[in-house]
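Just so we're on the same page: letters track the sequence lines, and every chain starts at 1. What you see is a predicted model, and the numbers here were worked out from it, not measured in a lab.
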2 protein chains.
Amino acid sequence: MKTSTPSSSIEDYVKVIYSFTEWQRKPITSTQLAQRLGVANSSVSEMVRKLKDQGLVDHKPYSAVTLTSDGVRLALSMVRRHRLIETFLVRELGYRWDEVHDEAELLEHAVSDTFIERMAAKLGNPTRDPHGDPIPAADGSVLMPAAHRLSELDDGHTGRITRISDDNPELLRYLAAEDIDLDAEVEVVGRRPFGGPMVVRIGSAPAPREFDFADEVASALWVHSDAGHAGCSVTES
Amino acid sequence: MKTSTPSSSIEDYVKVIYSFTEWQRKPITSTQLAQRLGVANSSVSEMVRKLKDQGLVDHKPYSAVTLTSDGVRLALSMVRRHRLIETFLVRELGYRWDEVHDEAELLEHAVSDTFIERMAAKLGNPTRDPHGDPIPAADGSVLMPAAHRLSELDDGHTGRITRISDDNPELLRYLAAEDIDLDAEVEVVGRRPFGGPMVVRIGSAPAPREFDFADEVASALWVHSDAGHAGCSVTES
DNA sequence: AGAAATTATTAGGCATACCGAAACAATAGG
DNA sequence: CCTATTGTTTCGGTATGCCTAATAATTTCT
């Protein structure tokens, strides 16, 4: 269990392991890790051993990888960095939604804690990034909004968009062009037959617009359903 | 002569080689390079070979290292990055003079060209950084202010501070505490005997303050002398 | 000029992080 | 149940960039 500053690769591994479990339920496997990081499986095996040596993950050969509490702490600090940087790029430097991810990916490993905290202060300590993802606080506490994929909402139900997956830039550009943004009101009108697209109404009462959303779109949008389901606050030490 | 993206080490080497010749006249030697980069001499020999392979420097064994025009181009872009980032940290994130250098050092290798240009635009395309160093334009043109070390100014002469060396953070804090800043008026009153400190008056007519500056201070301050010496504009393709 | 001191380069190693290919587990199908 | 497929790890190898120690070139000093 070394105490040295983690390399940026290690930060990436830990962040990806964390992010996977943030919205999925299952822990991540080697192959999934390799895919998300764009490296060979063999590289993952090697790095996972290193992460284990440093006490950041638990791992038994041939099974999934989970974070230790140290790992979660590191992951949260990286996620905080990433999302604060994204917010900063959008609010202060005029970046568009779909441009911020890659830039944040580079910056998050480079800047100092001082930089992050000055930036956070300047932004007024935001708790959501431009895609609606929660920004962990400096002490590691996270407010996870209760959210479901729009694709899983039942017909007739209404809700509000609380999160938009940022892993498809093209999709983000489409949504931006259609002026579909966080906090928009959504109503599920129904589904086209034979597994066809979902029909939804988006926008406030006077002028709602109707869209046919392919599954790819409907599952990238996460909504807070008006019926029940309170938010929950999770604190990690 | 490869065309790949230069690694951050290569960027550092090229930047240091350039910076050395920016205010000195002589090209830099291996040992000086090693000292400024904080690496062993042998590492320099090795890297210089690599820089030469990539067409960034000219070098014959056992002699000094000079940049090729490609090298100068790369160096200018790194210097531009560094100084814009410093300016940004001071103006937008409330960093102090003496804090910016290390942070900029990290950021300059990480951010994209897009980031740099958006930042420059937001700052109004400044041409001097917080220490008075010229910021090269995106096209590689630099406005070098005509400046001399205060320590070399003759008794009785007056001038204006145009640059403050940023390599000693403690000195920067001292100057900040004494409220000595860029563009201040300076008059050389005289020198204390036996190589003692220089006596200078700093500040505008109504309330000039008198200081005894050790050589270390007097040579960190660069002034534009009121007598003659016009600025010159140098353009590198 | 020749020895001594300085400066520079080469040689051999180390750590990180990646790869492809080969070997080894685990699960699924017949 | 035992083989086939898929998933995972191990093994050798690559590239970067750094180190120390040894060697070679260049100055400097007497």
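Not counting sequence neighbours, the partners of A:R191 by the side-chain contact (heavy atoms from CB on, under 4.5 Å) test are A:D155, A:V188, A:M198. For A:A110, the side-chain contact (heavy atoms from CB on, under 4.5 Å) criterion is met by B:A110, not counting sequence neighbours. Checked against ring-ring contact (aromatic ring centres under 6.0 Å, His included), B:H101 has the following partners two or more places apart in sequence or in another chain: B:H82. B:F115 meets the ring-ring contact (aromatic ring centres under 6.0 Å, His included) test with no other residue; sequence neighbours excluded.
The CZ-P distance, from B:R49 to C:dA8, rounds to 15 Å in whole Å. Atom NZ in B:K50 sits roughly 15 Å away from atom P in C:dT9 (whole-Å rounding). Residue B:E11 contributes atom CD, which lies 15 Å from atom C1' of D:dG17 at whole-angstrom precision. Counting to the nearest Å, the C1' atom of C:dA8 and the CD atom of B:Q32 are 13 Å from each other. Between A:N41 atom CG and C:dA17 atom C1' there is a gap of 15 Å when expressed in whole angstrom units. Between the CD atom of A:Q35 and the P atom of C:dC18 there is a distance of 16 Å, rounded to whole Å. As rounded to whole Å, 9 Å separates atom C1' of C:dT16 from atom CD of A:E46. The separation between A:M47 atom CE and D:dT10 atom P is 15 Å, rounded to whole Å.
Checking C:dC18, D:dC18, D:dT9 against the side-chain heavy atoms of A:Y13 singles out C:dC18 as nearest. For B:S43, whose side chain is taken as the heavy atoms from C-beta onward, the closest listed nucleotide among D:dT8, C:dA8, D:dC18 is D:dC18.
Residue B:S45 has no polar side-chain atom (N or O) positioned under 4.0 Å from OP1 or OP2 of C:dT10. Contact between the side-chain N/O atoms of A:T29 and the OP1/OP2 oxygens of D:dG7 is not found at any separation under 4.0 Å.
Residue A:S9 is classed as a sugar-phosphate contact, given heavy-atom separations below 4.0 Å to backbone atoms only. Among the atoms of the strands shown, only primed sugar atoms or phosphate atoms (P, OP1, OP2) are found under 4.0 Å from some heavy atom of A:T31. Base contact: A:S42 has a heavy atom under 4.0 Å from a base atom. Using a 4.0 Å heavy-atom distance criterion, B:A40 is classed as a base contact.
Ring planes of B:F213 and B:Y174: perpendicular class, angle over 60° (limits at 30 and 60°).
Side-chain contact check for B:S141 and B:D139: at least one donor-acceptor pair (N or O, by modelled atom type) lies under 3.5 Å.
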List the atom pairs, donor and acceptor, that lie under 3.5 Å between side-chain atoms in residues 42-49 of chain A and the rest of the protein, sequence neighbours left out.
none

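For the contact set between residues 59-67 of chain B and DNA chain C, defined by any heavy atom under 4.0 Å, the members are B:H59, B:P61, B:Y62.
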